[in-house]
Amino acid sequence: MIEITLPDGSKRSFEKGISAHDVAKSISEGLARNVLSAEVNGEIVDSDRPIQEDASLKLLTWNDEKGKETMWHSSAHLMAEALEFFFPNIKLAIGPPIENGFYYDVDNGDEVISSEDLPKIEQKMLELAKQKNSYERKEISKDDAIAYFKEKQDPYKLELLEDLEDGEITFYSQGNFTDLCRGPHIPNTSYIKAVKLLNVAGAYWRGDENNKQLTRIYGISFPKQKELTEYLDRLEEAKKRDHRKLGKELELFTFSQKVGQGLPLWLPKGVQLRERLENFMREAQTKAGYEGVITPHIGSKELYVTSGHYEKYGEDSFQPISTPNENEEFLLKPMNCPHHCEIYKSQPRSYRDLPIRYAEFGTVYRYEQSGELHGLTRVRGFTQDDAHLFCTAEQVEDEFIKVIDLVLYVFKALDFNDYTAQISLRDKVDRSKYIGDEANWEKAEAAIINASKQRELETEIVYNEAAFYGPKLDFMVKDAIGRKWQLGTIQVDYNLPERFELEYIGSDDQKHRPVMIHRAPFGSMERFVALLIEHCGGDFPLWLSPNQIAILPLSEKFNEKCKSILKLLNNYDIRGFVDDRNEKVGKKIRDAEVAKVPYMLIVGEKEVENDTLSVRKHGKGDQGVMKIDAFVEHFKSELKELLTVN
RNA sequence: GCUUCAUUAGUUCUAGUGGUAAAACAGUCCCUUGGUACGGGACAGUCUCGAGUUCGAUUCUCGGAUGGAGCACCA
């Protein structure tokens with residue numbers, strides 16, 4: 001007999017060699033039906049694998065991430081089986097589960113597999129799934145494995161085998177398909193009830209661009225048809241919120257072939273939005289002790305040679321521009337920090353001056369490869385809400401806390417309630433790749449951890465993710481439909497103070513090197529606005545909305561009156577427009593709704609007589625009649641509610 | 001940059017085609033002056049660019065540009 005410990009701590013005795021599936025069966029039939037795989041003493045295995053000794057056991061179902069992975073991994077095998085049916089000579093590379101579904105990288109020679117082939121592959125998969133073929137595990141010697149794939153003429157599997165030792169090689173088979181695989185897999189193919197192949201794309205073998213490019217087919221599967229439908233609905237919703245689509249519809253920004261790819265053009269309404277965000281940040285920063293600085297868009301090449309950026313990125317960057325006569329070279333600025341370092345250096349500094357906090361909405365230009373440009377999230381010219389803090393090593397923790405507070409303030413004001421933080425530290429072992437002395441690193445890493453603890457951030461510590469010049473703290477937010485975005489970086493830098501020979505005079509009358517902290521709560525205005533658009537689906541918070549009100553005259557007779565009402569409301573800092581087109585109110589309302597204007601104010605004979613407005617709220621409908629003063633009050637209190645945080 | 005797919009009015013759009021093309025919305029003008037998601041009519045506007053094949057190309061071929069999906073990249 002062996003003792004099995006379940007996650008709730010309860011222990012049960014079973015015959016030696018019992019499987020996870022049987023354990024589940026002893027609890028309930030329903031559970032047994034839903035078990036996809038199992039975690040036995042921390043190892044994920046097939047649910048029918050015999051357990052030979054006392055063990056802790058976690059049954060994995062669709063509700064566990066690991067259970068989903070098992071399902072998707074098995075689905076990748078099923079897809080491979082279907083692919084071999086249609087393309088007998090296809091060569092298979094790797095087919096792992098991913099965050100949402102699975103893929104298989106394949107090499108089909110000269111025969112292109114396109115998205116048009118996907119439906120029939122999907123159909124075949126469902127057909128095969130119904131056959132209820134079990135996934136059979138088989139341990140196999142390395143020689144036999146090599147022989148098998150030589151026979152199959154699959155160079156990719158053979159390459160994978162090179163890295164494996166005899167004794168750790170297993171094959172899994174289902175139906176007419178056998179694959180080199182560590183497993184585990186679901187009991188049989190019938191667990192896969194719904195399949196959708198999503199797209200086809202190129203991917204390099206082993207992720208290396210020097211290798212051959214394979215065809216990657218992405219798909220996702222579910223144990224219930226309904227869940228697939230829901231998933232596809234979610235994809236639809238994401239499409240509706242796509243900032244590229246909404247940006248065009250709401251006239252926020254545009255691109256022009258003539259101006260150049262990756263260079264966004266901000267339209268008036270987009271500028272309204274962006275400037276409000278900038279002013280919001282400026283105000284918060286001023287309160288937090290920042291001082292504004294402004295630096296030019298180009299800087300001499302020497303500046304970046306000093307900073308080290310030229311050596312690291314010079315080749316892969318916009319090339320220097322030179323002056324016609326003197327032949328001096330200048331670079332478009334890819335970062336603001338070197339400029340800010342020079343500002344720091346413009347006069348001698350005392351420890352009494354520190355911390356110094358320089359903030360700038362600095363526009364930078366970076367050469368991004370054409371394939372990576374994407375809407376506003378990846379562009380070649382963008383504006384960072386950048387700031388650099390110069391402080392003593394002792395002040396790092398305090399400064400971190402202050403920056404965290406600023407970031408959290410922004411999150412609250414913009415309704416990002418679901419966020420986590422990631423602390424990136426050095427590699428635990430190899431410390432040779434980092435610049436700056438050991439003691440300082442220790443101090444800074446501890447400072448970041450302490451600061452996060454003090455502010456009770458939900459953090460994850462990741463080793464070997466720090467930059468060579470310092471540790472960092474990144475915020476991840478989840479948007480309204482659950483997608484994760486990286487936002488807001490705080491980064492310690494030992495490199496630039498060194499390279500620029502920054503100094504301050506300490507209380508001991510000796511020269512010391514300050515620590516520099518980079519931080520950007522929004523990251524870049526472009527990326528942040530993109531995120532914001534997708535987060536709120538274009539329905540911006542009232543304080544950010546480009547047009548807060550649309551005044552809709554019932555007929556042309558009231559146009560003049562409406563214009564004077566607009567002027568009046570403008571005096572209360574309420575912005576909007578009068579829709580004086582020759583259309584019926586129904587039409588005007590529809591257009592204002594589509595344009596996502598928060599408030600519609602309808603003015604006809606009754607309103608003119610009583611000095612009132614007929615108020616309609618976007619997405620909510622008719623709100624009844626209000627005196628103009630009352631509306632202003634109402635409006636102001638809503639604004640206040642939105643912007644009052646803490 | 002690589003793979004693959006795509007590109008028709010300002011926008012949307014598997015209308016369509018080897019003989020210069022349609023719809024909807026937006027726009028302009030006219031009629032209508034109307035009470036809470038599109039009143040009616042008229043007008044104007046378009047085939048991504050270059051080369052080739054052809055009597056003739058938006059349509060076929062090749063190449064470029066841009067865009068989508070992904071890979072690689074991301075100070």
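Only this structure's heavy atoms are used, side chains among them; waters, hydrogens and symmetry mates stay out. Everything numeric here is computed off the predicted structure, so don't read it as measured data.
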Looking at [Y] and [X], is there a salt bridge between them, counting it only when a charged N and a carboxylate O are closer than 4.0 Å?
X        : Y        : answer
A/Glu368 : A/Arg378 : yes
A/Lys240 : A/Glu237 : yes
A/Glu465 : A/Arg426 : no
A/Lys627 : A/Asp611 : no
A/Arg206 : A/Asp163 : yes
A/Glu638 : A/Lys617 : yes

Query raised in the report: Which heavy atom of A/Gln486 sits nearest a heavy atom of A/Met476, and at what distance?
Result: CG-SD, 3.5 Å
Query raised in the report: What are the two closest non-hydrogen atoms of A/Ala530 and A/Leu376, and how far apart are they?
Result: CB-CB, 3.9 Å
Whole angstrom is fine here: how far is it from [atom1] in [X] over to [atom2] in [N]?
X        : N     : atom1 : atom2 : answer
A/Tyr103 : B/A69 : OH    : P     : 19 Å
A/Glu249 : B/C13 : CD    : P     : 10 Å
A/Asp208 : B/A72 : CG    : C1'   : 9 Å
A/Leu554 : B/U33 : CG    : P     : 13 Å
A/Asp579 : B/G34 : CG    : P     : 17 Å
A/Leu246 : B/U11 : CG    : P     : 16 Å
A/Lys584 : B/C31 : NZ    : C1'   : 13 Å
A/Ile217 : B/C71 : CD1   : P     : 15 Å

Expressed in whole Å, how much space separates the [atom1] atoms belonging to [N] and [M]?
N     : M     : atom1 : answer
B/G16 : B/G50 : C1'   : 25 Å
B/A24 : B/A42 : P     : 11 Å
B/U12 : B/A26 : C1'   : 11 Å
B/G56 : B/U17 : C1'   : 14 Å
B/C29 : B/C49 : C1'   : 36 Å
B/U66 : B/G40 : P     : 42 Å
B/U58 : B/A51 : P     : 12 Å
B/U46 : B/A9  : C1'   : 4 Å

I'd like a table of atom pairs between the protein and nucleotides 73-75 of chain B - only N or O on both sides, under 3.5 Å - with the distance next to each one.
residue : atom : partner  : partner atom : Å
B/C73   : O2   : A/Arg378 : NH2          : 2.8
B/C73   : N3   : A/Arg378 : NH1          : 3.2
B/C73   : N3   : A/Arg378 : NH2          : 3.3
B/C74   : N1   : A/Arg378 : NH2          : 3.3
B/C74   : O2   : A/Arg378 : NH1          : 3.3
B/C74   : O2   : A/Arg378 : NH2          : 3.2
B/A75   : OP1  : A/Tyr313 : OH           : 3.4
B/A75   : O4'  : A/Tyr313 : OH           : 3.2

From the set [options], return the single nucleotide nearest to any side-chain atom of [X].
X        : options             : answer
A/Arg590 : B/A37, B/U33, B/U11 : B/A37
A/Asn199 : B/G34, B/A72, B/A69 : B/A69
A/Ala203 : B/U4, B/G34, B/C71  : B/C71
A/Gln213 : B/G70, B/A37, B/G34 : B/G70
A/Tyr218 : B/G34, B/G70, B/A69 : B/G70

Requested in this report: Please confirm whether any donor atom in the side chain of A/Arg616 sits under 3.5 Å from an acceptor in the base of B/A37, or the reverse.
Outcome: yes
Report task. Ignoring hydrogens and angles, answer whether the base of B/G1 and the side-chain atoms of A/Tyr204 contain a donor-acceptor pair closer than 3.5 Å. Result -> yes
Would you say the side chain of [Y] lies within less than 4.5 Å of the side chain of [X], judging by non-hydrogen atoms?
X        : Y        : answer
A/Glu399 : A/Ile490 : no
A/Arg483 : A/Lys478 : no
A/Lys248 : A/Phe253 : no

Query raised in the report: Quick one: on RNA chain B, does A/Gly586 or A/Val112 contact a more 5' nucleotide (nearest heavy atom)?
Result: A/Val112
I'd like a list of close polar pairs between nucleotides 42-44 of chain B and the protein, N/O only, cut-off under 3.5 Å.
none

Have a look at [X] and say if it touches a base, only the backbone sugar-phosphate, or nothing, with a 4.0 Å heavy-atom cut-off.
X        : answer
A/Glu311 : nothing
A/Lys248 : sugar-phosphate
A/Arg206 : nothing

Query raised in the report: Is there a side-chain hydrogen bond (donor to acceptor under 3.5 Å, both in side chains) between A/Asn559 and A/Asp580 once you walk through the steps?
Result: CA-CA 6 Å; A/Asn559 282 356; A/Asp580 58 2; 4.8 Å; no
Report summary line: The correct list of stems in which RNA chain B takes part (3 or more consecutive Watson-Crick or G-U pairs, distances under 3.5 Å) is B:1-7 with B:65-71, B:10-12 with B:23-25, B:27-31 with B:39-43, B:48-52 with B:60-64
Query raised in the report: Roughly how far apart are A/Asn547 CG and A/Met600 CE, rounded to 0.5 Å?
Result: 11.5 Å
Please check if any side-chain donor atom of [X] sits under 3.5 Å from a side-chain acceptor atom of [Y], or the reverse.
X        : Y        : value
A/His518 : A/Asp386 : no
A/Tyr365 : A/His297 : yes
A/Thr295 : A/Lys333 : yes
A/Glu534 : A/Trp485 : no

Query - Ring-ring centroid check A/Tyr599 A/Phe631, cutoff 6.0 Å - result: yes
Every protein N/O within reach of nucleotides 61-66 of chain B N/O, cut-off under 3.5 Å:
residue : atom : partner  : partner atom : Å
B/A65   : O2'  : A/Gln257 : NE2          : 3.2
B/U66   : OP1  : A/Gln261 : OE1          : 3.0

Report task. Could you tell me whether the phosphate oxygens of B/A69, OP1 or OP2, come under 4.0 Å of any side-chain nitrogen or oxygen in A/His374? Result -> yes
Report summary line: Contacts of A/Tyr310 meeting side chain to side chain contact (heavy atoms under 4.5 Å, CB included) (sequence neighbours excluded), chain-then-number -> A/Lys301, A/Tyr304, A/Val305, A/Pro320, A/Leu331
Polar pairs (N or O, both sides) under 3.5 Å between protein and nucleotides 23-30 of chain B?
residue : atom : partner  : partner atom : Å
B/A26   : OP1  : A/Lys587 : NZ           : 2.4

